[in-house]
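Heads up: the structure comes next, in structure tokens.
Values reported hereafter were calculated over all heavy atoms of this structure, with side chains retained and with hydrogens, waters and symmetry mates removed. Just so it is clear, the model here is predicted, and its values are computed rather than measured.
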Amino acid sequence: LAVIAALRRLSKSESGFKSGSKSDPDSFRLKWPNDIFLHAKKVCGLLLEAQWNGPMMRSAIIGIGVNVKQKEFPDELREIATSLLNENIKVSVEEVRDAILREFERELKDSPIEFVIERLRQAFGWMGTVPAFTWTAADASEKTRLHYGTILDSGALELQTDDGEKIIVSNGSLRW
């Protein structure tokens, strides 16, 4: 949420966007579990490594990769990846870093977990418009024809099969 808020803010302030224009901040979308898309192309990925003590998280390392100034992508990524520059959002790497850090600080200080979960539900709500997903688990097994359900209070994703079976996932990846 902090990263997408930072990118939206930069899009507004640096591009002089107009609603519906190429740099419209509403064009940024979260894709569960760790991607940010802009105009249906990946512009950012996040990786999280956490250390747990039973059910309590002891620490976490977050890696954030934002395509800021990349002009070209290899053939295999050209149709699925973009950069801020390619979307006419002209900012420096330092501006992106500083905006993300400001938003992280705001999130950590001002956001009770219940509020964060509700905002995640809203941010992922667009996934309900996708006809069907394929979920790939960490062990490379797959389930197909899944539909978005909700984000649970735990932060896990609830998916449903065509016959109504609920599948709860907390890792892996989705594609459509």
- Item | Derivation and outcome, side-chain contact (heavy atoms from CB on, under 4.5 Å), residues L101 and E105 | CA-CA 6 Å; L101 290 173; E105 181 179 28; over 6 Å; no

- Message: Within this structure, what is the OG1-CG distance for the pair T150 and L159, rounded to the nearest 0.5 Å?
- Response: 10.5 Å

- Within the distance-only criterion (no hydrogens, no angle test), does the side chain of E118 pair as donor or acceptor with the backbone N or O of F115 below 3.5 angstrom? no

- Is there a donor-acceptor pair closer than 3.5 Å between any side-chain N or O of W126 and the backbone N or O of L30? yes

- Task: Using the test salt bridge (charged side-chain N to carboxylate O under 4.0 Å, His left out), find all partners of D75 that sit at least two apart in sequence or belong to another chain.
- Result: R78

- Message: One pair to check against side-chain contact (heavy atoms from CB on, under 4.5 Å): I64 and F104. What are the steps and the verdict?
- Response: CA-CA 12 Å; I64 304 166; F104 263 110; 3.5 Å; yes

- Item | Partner residues of E72 under the side-chain contact (heavy atoms from CB on, under 4.5 Å) criterion, sequence neighbours left out | none

- Item | Residues in side-chain contact (heavy atoms from CB on, under 4.5 Å) contact with A99, at least two apart in sequence or another chain | A6, L10, R102

- So which pairs with a foot in residues 155-165 pass salt bridge (charged side-chain N to carboxylate O under 4.0 Å, His left out), sequence neighbours left out? R145-D162

- Query: Which distance, rounded to the nearest 0.5 Å, do you find between the SG of C44 and the CD1 of I100?
  - Reply: 6.0 Å

- Task: Please indicate whether I61 has more than 12 foreign heavy atoms, meaning atoms of other residues, nucleotides or ligands, lying under 6.0 Å from its CD1.
- Result: no

- Task: Under the side-chain contact (heavy atoms from CB on, under 4.5 Å) rule, what do L7 and L38 come out as? Steps first, then yes or no, please.
- Result: CA-CA 10 Å; L7 295 177; L38 178 56; over 6 Å; no

- Query: Roughly how far apart are L146 CG and M127 CE, rounded to 0.5 Å?
  - Reply: 10.5 Å

- Do L47 and I36 share a hydrophobic cluster (ILVMFWY, side-chain heavy atoms under 4.5 Å, transitive)? no

- Message: Run L84 and N67 through side-chain contact (heavy atoms from CB on, under 4.5 Å) and show every step you take.
- Response: CA-CA 6 Å; L84 297 177; N67 298 333; over 6 Å; no

- Query: Are any non-hydrogen side-chain atoms of L152 and I117 less than 4.5 angstrom apart?
  - Reply: no

- Could you check V3, L48, N34 and say which one makes a side chain to side chain contact (heavy atoms under 4.5 Å, CB included) with I62? L48

- Should the pair R106-E103 be classified as a salt bridge under the 4.0 Å nitrogen-to-oxygen rule? yes

- Message: When you group the ILVMFWY residues by side-chain heavy-atom contacts below 4.5 Å and let the links chain together, are L85 and I89 in the same group?
- Response: no

- Does the H147 side chain pair with the main chain of P131, one donor and one acceptor, at a distance under 3.5 Å? yes

- Message: Within the structure provided, determine whether V43 and F37 are in side-chain contact (heavy-atom separation under 4.5 Å).
- Response: no

- Could you pull out all residues at least two apart from D153 that satisfy salt bridge (charged side-chain N to carboxylate O under 4.0 Å, His left out)? R121

Side-chain donor-acceptor contacts of residues 168-176 below 3.5 Å, not counting sequence neighbours, with atom names and distances?
| from | atom 1 | to | atom 2 | distance (Å) |
| --- | --- | --- | --- | --- |
| R175 | NH1 | T136 | OG1 | 3.2 |
| R175 | NH1 | E142 | OE2 | 3.0 |
| R175 | NH2 | E142 | OE2 | 3.0 |

- Which pairs count as salt bridge (charged side-chain N to carboxylate O under 4.0 Å, His left out) when at least one residue sits in residues 124-133, sequence neighbours excluded? none

- Is the number of heavy atoms from other residues, nucleotides or ligands within 6.0 Å of CD (E76) greater than 12? yes

- Taking the side chain as every heavy atom from C-beta outward, state whether H39 and T82 have any atom pair closer than 4.5 Å. no

- salt bridge (charged side-chain N to carboxylate O under 4.0 Å, His left out) contacts in which one or both residues fall within residues 29-39, not counting sequence neighbours: K31-D35, D35-K42

- Item | Passing option when S83 is tested against Q70, K71, K69 for side chain to side chain contact (heavy atoms under 4.5 Å, CB included) | Q70

- Note on the structure: For V68 and V91 the tightest heavy-atom approach is CG1-O, 3.6 Å

- Message: I'd like to check the salt bridge (charged side-chain N to carboxylate O under 4.0 Å, His left out) partners of K41; sequence neighbours left out, ordered by chain and number.
- Response: none

- Message: Suppose we screen for side-chain hydrogen bond (donor to acceptor under 3.5 Å, both in side chains). Which residues come up paired with S154, at least two apart in sequence or across chains?
- Response: none

- Query: L157 and side chain to side chain contact (heavy atoms under 4.5 Å, CB included): which partner among Y148, F124, W135?
  - Reply: Y148

- Query: So which residues get pulled into F73's cluster when ILVMFWY side chains under 4.5 Å apart are joined, directly or through others?
  - Reply: L77, I80

- Any side chain to side chain donor-acceptor pair (under 3.5 Å) pairs touching residues 107-116, not counting sequence neighbours? E107-S111, E107-R119

